[in-house]
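Remember, predicted model here, so these are calculated numbers, not experimental data.
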Amino acid sequence: MRAFADLLDRLALTGSRNAKLVLLRDYLLATPDPDRGWALAALTGDLTFNAAKPALIRKVVESRVDPILFGWSYDYVGDLAETASLIWPADKDHRANREPALSEVVEALRTAKRGEVQGLIERWLDALHPKGRWALLKLVTGGLRIGLSARLAKTAAAMVRSCAATKVSGTLDKEPSPGLEPVDVSEIEELWHAVSPPYSDLFAWLEGRAPRPNSDAPGRFRPVMLAVAIDEAVDFHHLIASDYAAEWKWDGIRVQAVREGGLTRLYTRTGDEIASAFGDVVETLAYDGAIDGELVVVRDGQITSFSDLQQRLNRKSVDAKTMVNFPAAIVAYDILAMDGQDLRSLSLRDRRARLEAMVAFNGGERLHLSPLVPFSGWSELARLRADPPIGAAAEGLMLKRWDSPYVAGRPKGPWFKWKRDPHTLDAVLMYAQRGHGRRSSFYSDYTFGVWTGEGGLAPVGKAYFGFTDDELKQLDKFVRDHTVDRFGPVRSVRAERDFGLVLEIAFEGLNRSSRHKSGIAMRFPRISRIRWDKPAREAATLDEIMMLLEALESGGGRIAKAP
């Protein structure tokens, strides 16, 4: 457990991508099975424990520490695992206990009954030092937050191949080990759903001790191809319009719909299987192959807002009434396999022709073809992006080279995303709360509101990013200097028509919400500018936001029929 704790601590404090790769690669080389496999599973999000929730951790700590003292400490520190690891009373008698190995913790939690978990965590906390306690609690609650993506973790695993014979450290430019061909991260992603934690067979192959695991199982997930954001000031100067196809960037979630060998799967872009929540979609799929597309709600042939799709996301199952009220569908824009043939090496032009034929034969209310956007040049496409004829159903445009194969990852050049400019409005800061991690000593989470017809403020959103570190210090000082009331960890900030801090808020869209007093909810709000110069009375009104909401609702995306 100590090596895993050191790894998490160093990853959390390391900003460089390459340095993180070196740290994780060296850990995977130096750590034996199965500990390294469980660590990799935790870092990629494939290791979760249902019995160890944050509420249980609070209960465990409050059994040894005064609850009021713990509450004050948690309020100040802002991170549950860090607070608990520091405040846990050291016991010399218990410290003599042997520190558990990572695999021991995992196996115990996987087999323990619910009533046994509290005792296990107490015993481990007694045996561990503060850093080990912190790592333990991060592990069992699933809140690692160390700045390492699942793909980056898999990249480090691929690097094990090159270093298997000679365990090198500190650099990324070593020659591959003799007799072993280097492995790209896309090959690891291709295998990922054919192996399971603690990945002993994967590491055996990477180190040349066993053959490659079989990834040809039907219904498998294929690593997705991603787009990069276009730089309007640079990229358009060297891109040729005729080399690219354009289509709408739909406001849903990316999915991969696979039907092979009698198995039907619906994956998110990260490989999570969600077919159980969208049975009405997968049961209508009639092709043999794998398609890439967008999951949306389609009502009367028109794509509705993302808030409708949210009614069905993150659920293990959905009742019949919800399926009827929020009918889901897939808008297909690429095809990866068909009738047992892998099509990813073909050009987009060839794949598009096959996709059009497949949707024409197998499409219906649950499967639509994403239409191409005809354009003669970048200026015409810019006008369409600014005022799309399909309304709010599109986030922007996708540009894809006609000759591009389908490759995993985010290569620069083949695919670009050109999102619409966000909406903005001026709102008044109302409440603030401390952040987490390195922001735990700053008031960095801000609730803002707009003026109502009665002259008061109605909260319309919350933002915690979009500002620099220097601006964070200024905002934190403003909150501390102008606090008028406290509600637990939340500070109420002075906000009147003649005094208040105006924030320019950027957001992607608006939805109606019965959970918010204002009746609306913003999508992806962030602070784009601090308006120190603007009087609070000139901030936006609730009526203005409602008018924008109605305008957004009036525009929808009508699906074009497949040719």
Side-chain angles (χ1 to χ4, degrees), residues 1-9 11-12 31 33-75 77-146 150 153 196-200 272 276 314-317 436-437:
M1 193 70 192
R2 180 165 298 191
F4 180 65
D6 288 338
L7 173 68
L8 292 189
D9 184 59
L11 288 173
T31 306
D33 295 324
D35 277 25
R36 61 177 174 178
W38 292 123
L40 184 61
L43 293 170
T44 55
D46 289 339
L47 181 62
T48 57
F49 303 102
N50 294 326
K53 301 296 184 183
L56 176 64
I57 304 304
R58 293 189 183 94
K59 182 179 178 182
V60 169
V61 177
E62 290 175 355
S63 70
R64 298 282 188 93
V65 178
D66 180 81
I68 296 178
L69 176 60
F70 173 63
W72 287 344
S73 303
Y74 182 29
D75 175 31
V77 174
D79 183 88
L80 178 62
E82 187 173 353
T83 306
S85 64
L86 293 173
I87 205 172
W88 187 260
D91 189 326
K92 294 182 179 179
D93 294 333
H94 289 95
R95 182 61 56 78
N97 296 338
R98 182 180 62 86
E99 291 190 9
L102 176 59
S103 55
E104 292 179 41
V105 172
V106 172
E107 293 296 344
L109 287 174
R110 295 178 76 197
T111 57
K113 297 179 181 178
R114 187 174 295 272
E116 300 172 340
V117 174
Q118 180 172 343
L120 287 172
I121 293 177
E122 288 180 358
R123 188 171 75 245
W124 291 329
L125 290 175
D126 283 334
L128 292 166
H129 289 269
K131 189 188 296 185
R133 297 176 199 146
W134 173 77
L136 170 72
L137 297 177
K138 287 290 186 183
L139 173 70
V140 299
T141 58
L144 296 183
R145 294 185 181 180
I146 54 173
S196 58
Y199 310 121
S200 299
D272 297 322
S276 59
N314 301 318
R315 298 190 181 190
K316 292 183 178 180
S317 61
H436 295 272

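- Under the rule for a side chain to side chain contact (heavy atoms under 4.5 Å, CB included), the partners of Ser85 that lie at least two apart in sequence or sit in another chain are Arg133, Trp134.
- Remark: Glu62 pairs with no residue by the salt bridge (charged side-chain N to carboxylate O under 4.0 Å, His left out) rule, at least two apart or across chains.
- Taken from CD in Glu82 to CG in Leu137, the straight-line distance is 11.5 Å, to the nearest 0.5 Å.
- Counting heavy atoms from C-beta outward, Asp46 and Ser196 have side chains that stay 4.5 Å or more apart.
- Checked options Arg123, Arg98, Arg110; the residue passing with Glu104 is Arg98 (criterion: salt bridge (charged side-chain N to carboxylate O under 4.0 Å, His left out)).
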Side-chain donor-acceptor contacts of residues 113-122 below 3.5 Å, not counting sequence neighbours, with atom names and distances?
| residue | atom | partner | partner atom | Å |
| --- | --- | --- | --- | --- |
| Glu116 | OE1 | Lys113 | N | 3.0 |
| Gln118 | NE2 | Glu122 | OE2 | 3.2 |
| Glu122 | OE2 | Ser63 | OG | 3.4 |

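- Across all non-hydrogen atoms, the minimal contact from Met1 to Ala135 is CE-C, 3.9 Å.
- In terms of heavy-atom proximity, Leu40 sits nearest to Tyr199 at CD2-CD1, 4.0 Å.
- Counting all heavy atoms, side chain and backbone alike, Ala42 lies closest to Leu144 at O-CD1, 3.3 Å.
- Annotation: salt bridge (charged side-chain N to carboxylate O under 4.0 Å, His left out) contacts of Arg315 (sequence neighbours excluded): none.
- Side chains of Leu43 and Ile146 form a contact here, defined as non-hydrogen atoms less than 4.5 Å apart.
- In this view, Asp33 and Arg36 satisfy the side chain to side chain donor-acceptor pair (under 3.5 Å) rule, not counting sequence neighbours.
- A search for side chain to side chain donor-acceptor pair (under 3.5 Å) contacts involving Ser103 returns Asp35, not counting sequence neighbours.
- With sequence neighbours excluded, the residues forming a side chain to side chain contact (heavy atoms under 4.5 Å, CB included) with Leu69 are Val65, Asp66, Ser73, Ile87, listed by chain and number.
- Between Leu139 and Leu102, some side-chain heavy-atom pair lies under the 4.5 Å cut-off.
- For the atom pair CG (Leu86) and CG (Asp79), the distance works out to 9.5 Å, reported to the nearest 0.5 Å.
- Phe49 CZ to Leu56 CG: the interatomic distance, rounded to the nearest 0.5 Å, is 13.0 Å.
- By the salt bridge (charged side-chain N to carboxylate O under 4.0 Å, His left out) test, Lys131 pairs with Asp6, Asp9, sequence neighbours left out.
- Taking each heavy atom of Thr44 and Ala153 in turn, the nearest pair found is CG2-CB, 3.8 Å.
- In this view, Phe4 satisfies the ring pair (Phe, Tyr, Trp, His ring centres under 6.0 Å) rule with no residue, not counting sequence neighbours.
- Nearest approach of Gly132 to Ala5, heavy atoms of both residues: CA-CB, 3.9 Å.
- In this view, Trp124 satisfies the side chain to side chain donor-acceptor pair (under 3.5 Å) rule with no residue, not counting sequence neighbours.
- Taking each heavy atom of Val61 and Phe70 in turn, the nearest pair found is CG1-CD1, 3.6 Å.
- For the pair His129/Glu99, a side-chain contact is recorded, criterion being any heavy-atom separation below 4.5 Å from C-beta on.
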